[in-house]
Amino acid sequence: MGNFVRTLSDRACVVASDTTWMEDAAVAQLVTTSQLEGMRRVAGMPDLHPGRGYPVGAAFFSVGRFYPALVGNDIGCGMALWQTDLKAASVSLDKLDRRVGNIDGAMEDEALRMQAMTVHGVAPGAHDASLGTIGGGNHFAEFQQVDTVFDADALSALGIDAKRLLLLVHTGSRGLGERVLRSHVDTFGHRGLVDGTPEAEAYLAQHGAALRYALCNRELVAQRLLANVRADGQRVLDVHHNFVAPAQMLGATGWLHRKGATPSDQGPVLIPGSRGDHSYLVQPLAISDDTLHSLAHGAGRKWIRSACKDRLFKLMTPTQMGRTVLGSRVICNDRQLIYEEAPQAYKAIDSVVQALVGAGLVALIARTKPVLTYKTRGECCE
DNA sequence: ATGTTC
């Protein structure tokens, strides 16, 4: 692993290279979190960045108790990768943009929604209307195309044809996960839950429901977009990066929390760059207890949200922000969000993925580039 | 991040 895994203390490390942007505040949050009661080890991924009290882009292994606040409000957030039957080379960007339409509101196809809910074990409830919607923040759906193949065998083993248009969906459990965290924190604060107690079981049941909801939501977003662009598609992979699960590692039985950390023990995963950068499909290699069976979940934020508009609005108009250096298009009719999610606000994906490669954690399968990113149609249009 | 939000 060499110097790509930096030891911070006897129980904290961070995966990074010399070129990986790493905020001192995020590293400090990581070390602070490592001192929580029962915490055995924490591992910062190269996309590590500061969060609200706890860092994002990290995994945490504890024994005897676990911490819902470390998982955060977006329980079950993750990435789903789909392959469409459209040939990437014959896609007209204008036509794709037009056909994608508006998926900000609730789904009209209630039968499709009900079917997916049944398949995924999602009970009807107050959050039904958010199924099939992306939400805000860093969530998105993005059509992509393969631009470099590193391992053709691994790519075809996934059933991916490099000529086909891909669809990546990044979203989670919307208001449901938010409600689960809030009701937990209102009652128990941040001290965590002790193994085997009724309150721990109750949280885990709600957490499990949020994971199923999030998976169902990603599937419905994909199916909705596929229907709009008149394509068929198949899911290639779907992986949560915000959750807690029982785990055995480091010679102990405990709880592995992932907060913006992609599992390295569930097969190939896609690590997206910002909307103006590439994404990498990677094969996890040796599963390392030291880095808590985890990988980066994206590029990682470099600028805090509140700084983005001030830094960029003099340089670029919202219209200019709607195109990227890779030639892709961005649907984001929200003046604030389009600056907050600017490529400039994120770390370079190469610096993140190269740290994972350097640490011996992944091998590259393929690189993709964005074609069209959907955030929100906003107030206008349609 | 969030049926958020002055």
Side-chain angles (χ1 to χ4, degrees), chain A residues 26 29 33 45 47-58 60 67-80 102-107 113 122 124-141 169-186 190 203 206-207 209-211 213-218 220-221 239-244 257-262 272 274-275 296-310 332-342 345-346 373-379:
Chain A
Q29 284 183 336
T33 306
M45 300 297 124
D47 57 334
L48 187 78
H49 60 280
R52 286 193 161 186
Y54 311 109
V56 181
F60 315 92
Y67 294 88
L70 286 182
V71 176
N73 64 321
D74 196 6
I75 302 161
C77 187
M79 300 285 171
N102 185 338
I103 63 161
D104 294 350
M107 292 177 66
R113 192 184 76 199
V122 176
H127 301 277
D128 290 1
S130 294
L131 283 165
T133 67
I134 291 167
N138 60 358
H139 290 168
F140 63 84
V169 178
H170 176 210
T171 186
S173 55
R174 313 286 280 101
L176 176 61
E178 164 74 9
R179 198 190 54 178
V180 171
L181 177 69
R182 190 158 11 174
S183 70
H184 167 78
V185 170
D186 284 350
H190 286 230
Y203 171 81
Q206 294 182 306
H207 167 279
L211 295 188
Y213 180 104
L215 186 62
C216 183
N217 190 31
R218 287 189 287 274
L220 285 171
V221 167
V239 185
H240 302 299
H241 52 229
N242 288 356
F243 66 109
V244 60
H257 312 66
R258 291 187 175 96
K259 172 61 172 178
T262 297
S274 75
R275 69 188 185 213
H297 79 309
R301 188 162 270 288
K302 196 166 72 172
W303 295 353
I304 57 171
R305 289 186 179 279
S306 54
C308 298
K309 197 171 181 185
D310 284 346
C332 184
N333 293 315
D334 177 321
R335 293 261 167 152
Q336 193 68 30
L337 190 59
I338 199 162
Y339 286 104
E340 289 179 356
E341 293 295 312
Y346 282 86
T373 307
Y374 186 97
K375 297 287 286 182
T376 174
R377 285 289 181 189
E379 323 75 44

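Below, chain A is the first sequence line, B the second, and so on; all start at residue 1.
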Subject >> Test item: A/Thr33 side-chain N/O and A/Tyr54 main-chain N/O as donor-acceptor pair under 3.5 Å >> reply: no
Original post:
Does a donor on one side chain sit under 3.5 Å from an acceptor on the other, for A/Arg218 and A/His240?
Top reply: yes
Original post:
Under 3.5 Å, is there a donor-acceptor pair between the A/Tyr374 and A/Asp104 side chains?
Top reply: yes
Spacing of [X] atom [atom1] relative to [N] atom [atom2], expressed in whole Å:
X        : N     : atom1 : atom2 : value
A/His207 : B/dA1 : NE2   : C1'   : 15 Å
A/Gln336 : B/dA1 : CD    : P     : 14 Å
A/Arg52  : B/dA1 : CZ    : P     : 11 Å
A/Asn217 : B/dT2 : CG    : C1'   : 13 Å
A/His49  : B/dA1 : NE2   : C1'   : 11 Å

**OP:** Assign A/Gly177 to base, sugar-phosphate, or nothing according to its heavy-atom contacts below 4.0 angstrom with the strands shown.
**Re:** nothing
Original post:
How would you label the contact of A/Gly137 with the nucleic acid (heavy atoms, under 4.0 Å): base, sugar-phosphate, or nothing?
Top reply: sugar-phosphate
Original post:
Under 6.0 Å from the six-membered ring centre of A/Phe140 and within 45° of its axis: does the NZ or CZ of A/Arg275 meet both?
Top reply: no
**OP:** Could you please spell out the steps behind the salt bridge (Lys or Arg N to Asp or Glu O under 4.0 Å) verdict for A/Arg182 and A/Glu178?
**Re:** CA-CA 6 Å; A/Arg182 190 158 11 174; A/Glu178 164 74 9; 3.0 Å; yes
Original post:
Taking N and O atoms by type only, does the side chain of A/Asn73 place a donor or acceptor under 3.5 Å from a partner on the base of B/dA1?
Top reply: yes
Dump every N/O contact between nucleotides 3-6 of chain B and the protein below 3.5 Å, one line per pair.
residue : atom : partner  : partner atom : Å
B/dG3   : OP1  : A/Gly175 : N            : 3.0
B/dG3   : OP2  : A/Arg174 : NH1          : 2.4
B/dG3   : OP2  : A/Arg174 : NH2          : 3.4
B/dG3   : N1   : A/Ala126 : O            : 3.4
B/dG3   : N2   : A/His127 : ND1          : 2.7

**OP:** Could you tell me whether A/Arg335 and A/Glu340 make a salt bridge, using a distance below 4.0 angstrom between a side-chain N and a carboxylate O?
**Re:** no
